[in-house]
Amino acid sequence: MKIILSTTSPGLDADIDPRFGRGAYLLVVDTDTMQTEGHPNPGVNASGGAGIQAAQFVVDQKVEAVISGDFGPNAFDALQAAGISMYLYGNCRTAREAVERFRAGKLQSVGAPTQRGHHG
Amino acid sequence: MRIAVASGKGGTGKTTIATSLALCLAQGHSALPPIFVDCDVEAPNAHLFLEPSLEQRQPVGILIPVVDEARCTHCGKCAEVCAYHAIAVLGEKTLVFPQLCHGCGSCTALCPEDAISETPDRIGVIERGPARHGIDFRRGLLDVGKPMAVPIIRELQKQIAPLPNQTVILDAPPGTSCPVVATIRGADYLLLVTEPTPFGLHDLRLAAQATQELGIPAGVIINRDNGTYPELDHFCHSTGLPILLRIPFERIIAEGVAQGKTLIDIQPEYREQLLSVFTRILEYTQGE
């Protein structure tokens, strides 16, 4: 299964980045082969709508789930509309740790936006 | 003649100066009462000083896209052209985020399937009516929860049609971002109201840069001047910004403003001083 994580750098041993829309990297991970592909988050420099831009990227990658620390209302709506499951890092520190917990079914899934969004 | 009043930092006395100047001009016998435009649409407060009776109200909106899912092929062109990420194509769904939409119409114009139409989305209101001494008062008011002030300011600007020799005074919002630029663009002169503090100077610098970019001549009014911050004077001298007026830090002024009085209601001698500021502006703009 292909999933995406928000991370501070590319690679499985990267630290997690708790921000979804403005996290530094979006790391695509194939949970069967553990192969990764790191992409700079296109939302990072958006003046507004960062979460939507990041969500659009996630959807275009045809992944089934996203793991991050936070999902704002716009990102949540966009990912939910595309049928992509959202999970929270909890106290995971690295991408590898999060993928392992995800595979073990130990990450908390998200049923509503986790914050109220930002302006500007 | 359009005079905009801006500051950078909030709370320096923009509205105090703008309303006082408007009253001075309205009380003059020869000139027409000015048009006063409160462009601080997120928190307008000039009405507290000029006491207009706001008889006319007109809603303002922007046109936002509506997607006909039956025609949409989810090609993604709309999301690609939207500079504000207000529309996203997510698999078999196209979602519009009205709060991010600037109403530019690019998605509608460029949709190859003609699947997008536009619907007005109200963001606020423009109010208008006569104020003290016949001032033609207008203000914009952004609806609570709406993030975009600029379309209302643009509509206010569009409706200004001064008679010959009628002065327009535009009271800008604080800051130096889009709503301020929308307010001061097209002004003949910009009054920058500041205070002698590091914060006041920091934001004055930004505001001065914006006016330079826009090519608008500007002068400075130092409010709450207590002579303790020479850096402000140094900045004005080194950048060639004339200091047009200094208003000392006095308790009586603070108390009066808190009661909804303008500077000239509190201390009528400021009338002469503001009129001489106005004369200097006239000379400057006509001498160009």
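Every chain is numbered from 1, with letters handed out A, B, ... down the list of sequences. Here the structure is a predicted model, which is why all the values come from computation and not from measurement. When reading the values below, keep in mind they use all heavy atoms of this one structure, side chains included, and skip hydrogens, waters and symmetry mates.
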Legend entry - B/L100 CG to A/N74 CG distance, which is reported to the nearest 0.5 Å: 5.5 Å
Legend entry - Reported CG-to-CD distance for the pair B/L90 and A/Q80, which is rounded to 0.5 angstrom: 11.5 Å
Inset, instruction - Identify the heavy atoms of A/V59 and B/G91 that sit nearest to each other, and give their distance. - result: CG1-N, 3.5 Å
Legend entry - For the student: nearest non-hydrogen atoms of A/I52 and B/H85, plus distance: CD1-O, 3.2 Å
Inset, instruction - Against chain A, label B/F97 side chain, backbone, both or neither, depending on which of its atoms sit under 4.5 Å from a heavy atom there. - result: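 Interface part for B/F97: side chain.
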Are there more than 12 heavy atoms of other residues, nucleotides or ligands under 6.0 Å from atom [atom1] of [X]?
X      : atom1 : answer
B/R185 : CZ    : no
B/E213 : CD    : no
A/Q108 : CD    : no
A/N45  : CG    : no
B/H202 : NE2   : no

Inset, instruction - For chain A, find which of B/A88, B/A79, B/C82, B/S177 contributes the most heavy-atom pairs closer than 4.5 angstrom. - result: B/A88
